[in-house]
Amino acid sequence: MRDDVTRDVTAPGRRSLLRGVGAFGLAAALPGLGACSAGPQSTNDTGSGGSGRDRTLTAVIGYGNDGSWDPTQTASAFSMAANNHVYEGLLDTDPITRVPYPALGTEVPSDRGATTWHFRLRPGATFHDGRPVTADDVVFVFDRILDPKTPTLAKGFFESWLKEVRRTGGDSVELVLKFPFPDGLSRLTLAKIMPRHVFGRPGAWDDAIKGLAVGSGPYRQTAHHPKSNTTFEAYDGYNGPRRPAFRRMNWLTIVDAAPRVARISGSDAGAQIADNIPYANIGRLEQGGLKVAGGAGMNNLFLMFDTQHKPFDDVRVRQALHYAIDKEKMVRVALKGHGKAASSFLDQGNPAYRRARTVYDYDPEKAKALLRAAGVSGLGINLLAVDVSWIVDCLPTVKASWDAIGVRTTLAPQETTAVFTKMDQRQDYQVVAAASDPNQFGLDADLIMHYNYGPQNLWMRYTRWAGHPVAKRLFTDMDRATREPDPARKRAMVQDYIDVVAEQAVLYPVVHNELMTAWDPRLLTGIRAQPYPGINVLQATWV
């Protein structure tokens, strides 16, 4: 089964570009990118080798590397993780605590509540082609993000609170906010600074989608083979705070669980670290001397309803289907104990978590009563689902639970791309089961909820719910909470509108689960398991 759980949630009209692969128009002009290829290559054809501290770090990533690599619009687990090693923001964040630290900017602004933040760029910072990073490059990226005519995912993280970014000198900029927004400091890591002289050329953004990556970070991309692997090399010109510890890295994309586990296990293991480890393999890997650790966060199985398809326009039907699911059985059987039944849209580890007023504890009798109250009987559901391995493992529990309340259920797992192509083409559907982890972007509840429930959000277009009166009030309440300056009051407002989201159950999690990472502690140190897809080795090194 495939484990490619992430996707790019930008405007539907750009979907074909997001999935595009091909040669890069600028590859020949940029050092180290001449080997970029359009098709799968041997994962051994990477220049790997060396010995001691010069040997290649080989990682196995359980997600595809053929999604968009454009930092302003990608949600691909592979490319987001890679971009964190290739690019820098003015500030970046610790991969676990998400606390911001200076990256291209020389310091974190001391006044988080100011409406203007000033940044001076790190002296001597250069892009991977040797050209200096300038204020013009910073303005170039933020102008793209804030451009109302340019559809990017990053726009949703900035446009509500950031008015503009101005050049104040060759190596200095200021960010002008619409109102005080302290959470914006940690979001600056989502605005990766890209060279204007590269990506300002005609067609260059399409090349970025296909895999072209030129940043100022500690590692530079040296080859990119979609559906196979991407390689990196330490950038000798890097002078920032996260020095590269590995001379070379080879990241393999292996979305099928069995070969992914095989690649990191046994005496002839070809990799030192792998993410997205299946729960059933944890014991065997640990017995083989590997360290396996999990990160609990927002990663979840959610149900999404087409609210224009009767009877799913009735909130009672949506609630009934949630109440009917035996979530504790799902956690016990499918997740092997590595998860929790959702008691809010947010996971229990989120700083803003509060148990929602509506919690869908297992209650089949209440589910039946809600269906009767809605006048629904003899309901049949074709459950469209992504074929992510752990999602597929959960589907039999959903079917058994719904069948038990008289809802005839047919399971229809398909490749992730196929499922969301149907969504993009506005094909008719009833219910979708899929996976999501907005913790890739950050921990703050405002970001997470706007990612899923913004009025122009792609998810809301899929559900066809944005025009509903309850939705319109929800969006207004969300915007009011964004602008609220008092932290305690803001948190209460966020929790209040999360209660509305829970009650409406238009797009809502069933369970939150752990994501497991495995590595060889005899070879690597400094590894920390992330609660979201991908890996981060910026503070790791050889033993």
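The first residue in the sequence is number 1, and the count goes up from there. Because only heavy atoms are used, hydrogens play no part in the values below, and waters and symmetry mates are left out as well, while side chains stay in.
To the nearest 0.5 angstrom, I282 atom CD1 is 8.5 Å from I277 atom CD1. Residue F78 holds its CZ atom at 4.5 Å from CG of N65, rounded to the nearest 0.5 Å. Remark: I254 CD1 to S228 OG distance equals 9.0 Å, nearest 0.5 Å. Atom OG of S436 is separated from atom CG of N452 by 5.0 Å, given to the nearest 0.5 angstrom. The CZ atom of R263 sits 9.5 Å away from atom CG of D268, with the distance rounded to the nearest 0.5 Å.
Between F441 and F157, a ring centre-to-centre spacing shorter than 6.0 Å is recorded. Aromatic ring centroids of Y453 and W459 lie 6.0 Å or more apart.
Evaluated for a side-chain contact (heavy atoms from CB on, under 4.5 Å) with W69, the options V86, N83, D207, T74 yield exactly one hit, N83. For the side-chain contact (heavy atoms from CB on, under 4.5 Å) test with W251, the passing option among V60, I273, I535 is I535; the others fail. Of the candidates R220, R247, H128, E233 forms a side chain to side chain donor-acceptor pair (under 3.5 Å) with just one, namely R220.
Judged by distance alone, the side chains of R355 and Q348 never bring a donor and an acceptor atom under 3.5 Å apart. Under the 3.5 Å distance criterion, with hydrogens and angles disregarded, a donor-acceptor pair is assigned to the side chains of D424 and Y462. Residues Q414 and K422 have side chains that bring a donor and an acceptor to within less than 3.5 angstrom of each other. Side-chain contact of N299 with H512: a donor-acceptor pair under 3.5 Å is absent, judged by distance alone. Side chain to side chain, E88 and S216 meet the donor-acceptor criterion of an N or O pair below 3.5 Å. A donor atom on one side chain and an acceptor atom on the other are not found under 3.5 Å apart for D70 and S68. Side-chain contact check for T222 and T231: at least one donor-acceptor pair (N or O, by modelled atom type) lies under 3.5 Å. Looking at Y353 and S343, their side chains do bring a donor and an acceptor atom within 3.5 Å of each other. For the residue pair K192 and T189, a side-chain donor N or O sits within less than 3.5 Å of a side-chain acceptor on the partner.
Checked for salt-bridge contact, D94 and R242 miss the test: no charged N lies under 4.0 Å from a carboxylate O. For the pair R98 and D92, the salt-bridge criterion is not met [side-chain N within less than 4.0 Å of a carboxylate O]. Here D306 pairs with R464 in a salt bridge; the nearest charged N to carboxylate O distance falls below 4.0 Å. For K227 and D66, the salt-bridge test passes: some basic side-chain N is under 4.0 Å from an acidic carboxylate O. Using a cut-off of 4.0 Å between Lys/Arg side-chain N and Asp/Glu carboxylate O, D54 and R248 are scored as not salt-bridged.
Under the side chain to side chain donor-acceptor pair (under 3.5 Å) criterion, R284 pairs with no residue, sequence neighbours left out. Residues passing the side chain to side chain donor-acceptor pair (under 3.5 Å) test with T541 are R53, sequence neighbours excluded. With sequence neighbours left out, the ring-ring contact (aromatic ring centres under 6.0 Å, His included) criterion links Y532 to no other residue.
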_Trace of the side chain to side chain contact (heavy atoms under 4.5 Å, CB included) decision for E286 with V292_ = CA-CA 7 Å; E286 290 178 333; V292 184; 3.8 Å; yes

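Listed for the W402 side chain is a donor-acceptor partner under 3.5 Å among the backbone atoms of L321. A donor-acceptor pair under 3.5 Å is formed between the side chain of Q430 and the backbone N or O of G380. Proximity of a side-chain donor or acceptor of D326 to a complementary backbone N or O of K329 within less than 3.5 Å is detected.
Residues N439 and D347 form a side-chain contact, since some pair of their non-hydrogen atoms from C-beta on lies under 4.5 Å apart.
Taking the six-membered ring for Trp and thresholds of 30 and 60 degrees, H85 and Y219 have ring planes inclined between 30 and 60 degrees apart.
The number of heavy atoms from other shown groups lying within 6.0 Å of NZ (K155) is above 12.
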